[in-house]
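Heads up: the structure comes next, in structure tokens.
These values consider heavy atoms only, across backbone and side chains, with no hydrogens, waters or symmetry-generated copies. Index from 1, following the sequence.
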Amino acid sequence: MDMNQYLAMFIDESNDHLQSLNEKMLELESNPTDLGIVQVIFRSAHTLKGMAATMGFEDLAALTHQMENVLDLVRNEKLAMQEFIFDTLFKGLDALESMVQDITQGGEGKADVTAIVEALQAIVRGEIPSSTPAATASAVVAPSAASAVSSKAVELDEFQQSVIEQSLSAGHQALYMEVSIREDCQLKAVRAYMVFDLLERYGDVIKSEPSTQDIEQDKFERSFSLYYVTQKDAAELEPMVTSISEIESVKVTMLDASSLKEMVSSKEPQSIAAPAVEAAPTAPTATAVKAETAAPAPAAKAAATKAPAPAPSRTIRVDIDRLDVLMNLFSELLIDRVRLEQLASEVKVPALTDTVEHMGRVSSDLQNIVLKLRMVPVDTVFNRFPRMVRDLAKSLDKKLDLIITGAETELDRTVIDEIGDPLVHLLRNSVDHGIESVAKRVAAGKNETGTVKLSAFHSGNHVFIEIEDDGNGIDREIILKKALKNGVVSQEVANTMKDEEVYQLLFAPGFSTAEVISDISGRGVGLDVVKSKITSLGGHVTVSSELGKGTKFSVQLPLTLSIISAMLIRVGSEKYAIPLTSIVETGIIKAKQVRDLHGSQLIPYRDTHIPLLSLSRVFEVPDFDEREEEETEIVVIRKGDKLAAIAVENFIGQNEIVLKSLGSYLPETMGISGATILGDGQVALIIDPNAFIK
């Protein structure tokens, strides 16, 4: 059977599972004794392993299986989490991500993971590096039990038997199930996986015959057996399992304490039982007691706190190319709607006017839905940062907490795709040069654990993303000293610069205050690239800082880049559109108010003077010159804290326009960000106000 048709689904779901594994591992690192988190991690890894084995990616499945062995010991309280185990599992996750990435690029998911596998196998054997002997003794509980877990014997070991006995005493159901698959089934492993997936929603599979690994690798005939602990009745479970496609029969036997002992004694040869009895004394007394008293609890606890069946998913995966096609089709519809509104106003037929108005209302609702389809929560970008910050802090030997708020804030998919790298760079700067070392923080009277806050929120037609740290802040004198040395500013200009203007020097190309360039980043290295990327998305970034208290980078981004509200203006015979998000206000200026200063024109505005820009001269419009007018309409535009005025002939009005790329026709034209088609069929260029304000 050709599995390529499932490849895209496999890649998407694998990435989801890997992201979940990273998040839960970080959560577990903060609370290493929470076995509920371990259960979630184990099941996610188990599902990923089954998917990989079914698709034929054996290396990926094998590595996941080794990680699963470690997690199985942890969830059964045979192993206590510690730093070496966390580091090894995180390395395994990195390797799994590389394998999935290789598969995405058309590879076979191969990777050299020998060192990781050896480390995982060493953990299972109890060979964990530790600074003190006591730590090793407490980390591994009963080596004999660990070896029993990896044994290929069919029978229940003492631990598994004890788990079932404890579950029975707690009032849970213990079942022995025999499942047969139809003889003509083509994908036995897939059907078996579906059975295990169903059962694990309502309880715990204690032991299976053959082993789950053999089943997932299709190394079994047509049937398998398992011991199962649950709160569900056997009468409910049996029809649920038989309803799975190509399952021939299910035989369920309810167990009690006496029948369990009979089954175990009838199946358990003395040759298998003897080594376990002999091995027990080799374990330390303290750990042996822990194995007897605490080990059965997790399974019973897990069964007791089982969540109800998850609600059916209300979401579907849609290829982004289809959304782009939908957006383009709606763009054409919007252009035709504007055209119809214009024709209806000219013809003035009541029936036509009413119909066009109704169509306008319907298309407005449709527009909102289409735009929301393109909106993606920023947590699709944010969710990779906790793991990155954790690794950075560890490599720098710093302690810090990453606090994320507003992850549900939505942005246009186009912006989401582009904003990840700039945020990564800003975060790395905050961790590397914003947050001080533990010794410096303690010396300054601060908490030894630094804090980096990553937040997102809506404000008007914009989304703000802020990265704030409570580190040492930015020293303006160091920046100015470096700027003067590099010739970025003169001494006269430096003496008059405000703090905000000084901080903006960080975004100058190649500017850095770092004495030593690290492999992580120095404050300022590459920030010019960050700013240019954000500017290309129609946004801007500001910096505020207080020496000794911390620094905040604030990134302002447009809500969407596809359909925008704009002011249509006329300059001679040409029409232009200016995004409303960049307009402060409109007005009229008299010719006598214009002042010439060093070749530039200034006009009074509020309590200051701002530059006056001439579109007719910038774009060489032949049939209009505002210098010949007594009064000229102006549009005041904003870029951050800077203002400027654009001289225009007259205003056409406000409208919603579809942003179209100019492609290769007018590449990199200064002041033009795209074009739109108006209701009369004419093309209007969209002005980029950021290009006019330096």
Side-chain angles (χ1 to χ4, degrees), residues 17 20-46 66-93 119-120 122-146 148-149 159-160 162-164 166-167 169-170 172 200 203-206 229 283-307 386-387 389-391 393-394 399-403 448-449:
H17 281 296
S20 174
L21 285 167
N22 269 302
E23 292 173 358
K24 290 300 178 182
M25 281 293 294
L26 289 170
E27 194 176 330
L28 181 63
E29 194 172 32
S30 301
N31 192 3
T33 59
D34 191 337
L35 294 177
I37 301 175
V38 179
Q39 291 283 4
V40 175
I41 294 172
F42 180 85
R43 289 177 182 174
S44 192
H46 185 72
Q66 296 295 335
M67 296 171 66
E68 192 181 48
N69 286 342
V70 174
L71 293 167
D72 191 42
L73 295 178
V74 176
R75 71 171 184 157
N76 290 324
E77 276 197 349
K78 295 181 179 181
L79 188 66
M81 293 298 292
Q82 55 180 276
E83 186 177 4
F84 176 77
I85 301 175
F86 277 115
D87 290 345
T88 305
L89 289 174
F90 274 125
K91 289 176 183 176
L93 288 178
L120 291 169
I123 292 171
V124 172
R125 293 193 300 268
E127 301 169 5
I128 301 175
S130 177
S131 56
T132 61
T136 304
S138 64
V140 181
V141 180
S144 59
V149 170
F159 171 76
Q160 293 162 342
S162 178
V163 168
I164 297 178
Q166 287 289 330
S167 300
S169 63
H172 306 309
E200 287 179 347
D204 282 312
V205 176
I206 305 302
V229 173
T285 304
T287 57
V289 172
K290 185 174 180 181
E292 292 173 5
T293 59
K301 189 191 303 179
T305 59
K306 278 294 168 186
R387 170 68 194 285
V389 169
R390 178 256 183 201
D391 291 346
K394 192 173 181 65
K399 294 183 179 181
L400 63 88
D401 292 328
L402 175 64
I403 300 174
E448 65 177 13
T449 302

Qualifying residues under side-chain contact (heavy atoms from CB on, under 4.5 Å), relative to A119, sequence neighbours excluded:
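So A119 forms a side-chain contact (heavy atoms from CB on, under 4.5 Å) with F84, T88.
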With sequence neighbours left out, write down each residue that passes side chain to side chain donor-acceptor pair (under 3.5 Å) with [X], or none if nothing qualifies.
{"X": "D34", "result": "none"}
{"X": "S20", "result": "none"}
{"X": "K399", "result": "E448"}

Set of residues satisfying salt bridge (Lys or Arg N to Asp or Glu O under 4.0 Å) with respect to D87, sequence neighbours excluded:
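Residues passing salt bridge (Lys or Arg N to Asp or Glu O under 4.0 Å) with D87: R390, K394.
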Going by salt bridge (Lys or Arg N to Asp or Glu O under 4.0 Å), name the residues that satisfy it together with E23, two or more places apart in sequence or in a different chain.
none
Below 4.5 Å, heavy atoms only, C-beta onward: do [X] and [Y] meet side chain to side chain?
{"X": "D204", "Y": "R75", "answer": "yes"}
{"X": "R387", "Y": "D391", "answer": "yes"}
{"X": "V70", "Y": "M67", "answer": "no"}
{"X": "L89", "Y": "L21", "answer": "no"}

Smallest separation among heavy atoms of [X] and [Y], with atom names:
{"X": "S44", "Y": "H17", "result": "OG-ND1, 3.0 Å"}
{"X": "L71", "Y": "A45", "result": "CD1-CB, 4.2 Å"}
{"X": "P386", "Y": "L26", "result": "CB-CD1, 3.4 Å"}

Between [atom1] of [X] and [atom2] of [Y], what distance do you get to the nearest 0.5 Å?
{"X": "M25", "Y": "F86", "atom1": "CE", "atom2": "CZ", "result": "5.5 Å"}
{"X": "I85", "Y": "L79", "atom1": "CD1", "atom2": "CG", "result": "4.0 Å"}
{"X": "I37", "Y": "S30", "atom1": "CD1", "atom2": "OG", "result": "8.0 Å"}
{"X": "L28", "Y": "I41", "atom1": "CG", "atom2": "CD1", "result": "4.5 Å"}
{"X": "N31", "Y": "E27", "atom1": "CG", "atom2": "CD", "result": "8.0 Å"}
{"X": "E68", "Y": "L120", "atom1": "CD", "atom2": "CG", "result": "12.0 Å"}

Report, as yes or no, whether the 6.0 Å neighbourhood of atom CD on E83 holds more than 12 heavy atoms from other residues, nucleotides or ligands.
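Result for CD/E83: open.
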Dump the intermediate steps for side chain to side chain contact (heavy atoms under 4.5 Å, CB included) on L35 and F42, then the final yes or no.
CA-CA 10 Å; L35 294 177; F42 180 85; over 6 Å; no
